[in-house]
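Since the structure comes first, as structure tokens, the remarks are kept for the end.
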Amino acid sequence: MPADGDGGAPRYSRCGTNPTQEAVATKIASLEGMDAGLVLGSGMAAVAMTLLSLTRSGDHIVASGALYGATRRFLSHELPRRGVEVTFVEVDQPRQWRSCLRPSTRLLYLELPANPLLRVPDPRPVASLAREMGILLVADTTFASPVNFRGREHGVDVVVQSGSKYLGGHSDLVAGVVCGPEEVVEEVRGMLELYGPALDPHGAWLLDRGVRTLVPRVQWQNEGALSLARWLRERPEVERVYYPGLPDHPDHETATRLLDGYGGVVSIQLQDSKAAEAFCSALRLASVAPSLGGVETLVSQPRHASHRGLSSDGPTDHGISTGIVRISVGLEELEDVKRDFQRGLAAVRQLG
Ligand SMILES: Cc1ncc(COP(=O)(O)O)c(C=O)c1O
């Protein structure tokens, strides 16, 4: 492990200190308005290394219940194995944040917008609570990207993101990012050095290539998703559209106040899992794939991806029913996407 000669962290790719890794991490941190950044080998590496570096056995975390599935599993199964307890707050019960606090609470954790119903919990009261307690608020803002939401402007101390989504933007990369105060990022770097989920230098270069077009891509996707959401709302086969840009979304007001764009992901509720299957199978332009944030339109069913535990039809305790299809709008001409979705909806109609 060669030293860089100036007494700083060694220049070694597993530590995220290769020049290409550092350049892109600094670029993303500056987009977030944060002091420092670090790139890692996946979004989950960013989530896991951040949470491991900020907690010790005996600590407690309060987290939003509306989370990416693997993050939720990490919090509810993996951290408790290491002596860290976690309490989840219902997304519709923001007062629970305070009542769940314990003397051992070390950090608060939330995600926005949260997959797949695009919930937007207001981070500002949670940030005030964190400040009052002298602890950190960590937020996963993967679905927003710094184009639509910069956590620091609303009191978030540490931002984690999957670079595999909007930041990378081409569905050809798995990466993660953590941005925050210098001392926190250095703690995470310490974990990265020990556990090793680094982003290889070529991946860092791909991430940098993606970030160069981040702003126009996300703006185009914001516009396309809003238009698509309004169009889908008028289709009789669609029981419900979940998009924070629509006035009937439960978090429309919060999203309008906090976000610069409502994002490129729209979820729809079809009658049941058969309808969701028929819709997805009939598509020719959009691909069925579990990711989001890339240049091509993707559709996925949460019951096959982030919420794999769902088996029966009807709503579950997380309000996520098996007829849900999540759409990640790409950069195609919107009329072509709508034509493709017409095909999907025709297949739903044929089910009778
Ligand atoms: C909100 C959110 N956070 C984290 C992740 C994990 O990212 P990765 O797949 O890059 O590990 C995902 C993946 O879909 C995600 O949607």
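Computation of the quantities below employed the complete heavy-atom set of this structure, encompassing side-chain atoms and omitting hydrogens, waters and symmetry-equivalent molecules. Every number for a ligand or one of its atoms is a count from 1 in the order of the listing.
A salt bridge links Glu85 with Arg102; the closest basic N to acidic carboxylate O contact falls under 4.0 Å. Between Arg82 and Glu78 a salt bridge is recorded (basic side-chain N to carboxylate O distance below 4.0 Å). One finds a salt bridge joining Arg152 and Asp35 here, because a Lys/Arg side-chain nitrogen approaches an Asp/Glu carboxylate oxygen to under 4.0 Å. Here Asp59 does not pair with Arg56 in a salt bridge; the nearest charged N to carboxylate O distance is not below 4.0 Å. Salt-bridge formation is not detected for the pair Glu277/Lys274: no Lys NZ or Arg NE/NH1/NH2 atom is positioned less than 4.0 Å from an Asp or Glu carboxylate oxygen. Under a 4.0 Å N-O distance rule, the pair Arg98/Glu132 qualifies as a salt bridge. At a threshold of 4.0 Å, the pair Glu193-Arg189 does not count as salt-bridged, since none of the basic side-chain nitrogens sits closer than that to a carboxylate oxygen.
Contact between Asp140 and ligand 1 is present, with at least one heavy atom of the residue lying under 4.0 Å from the ligand. No heavy atom of Gln161 sits closer than 4.0 Å to any atom of ligand 1.
Proximity of Ala175 to ligand 1, defined as any heavy-atom pair under 4.0 Å, is confined to the backbone N, CA, C and O atoms.
For a threshold of 3.5 Å applied to N or O pairs, the pair formed by Met44 and ligand 1 contains at least one separation below that value. Close N/O approach between Glu111 and ligand 1 is not found [any backbone or side-chain N/O within under 3.5 Å]. Taking distance alone, with nitrogen or oxygen atoms compared against 3.5 Å, Val47 stays at or beyond that limit from ligand 1. For ligand 1, the polar-atom distance check finds no N/O of Thr71 at less than 3.5 Å from any of the ligand's N/O atoms.
The ligand atoms of ligand 1 that sit less than 4.0 angstrom from a heavy atom of Ser162 are 5 (C), 7 (O), 8 (P), 10 (O).
Closest to atom 8 (P) of ligand 1 among all protein heavy atoms lies Gly43 N, 3.3 Å. For atom 9 (O) of ligand 1, the closest non-hydrogen atom on the protein side is Lys165 NZ, 3.9 Å. Shortest contact from atom 10 (O) of ligand 1 to any protein heavy atom: Ser164 OG, 2.5 Å. Atom 6 (C) of ligand 1 has Tyr68 CE2, 3.6 Å as its closest protein atom, hydrogens excluded (heavy atom only).
Asp122 contributes no side-chain N or O that, together with a main-chain N or O of Thr254, makes up a donor-acceptor pair within less than 3.5 Å.
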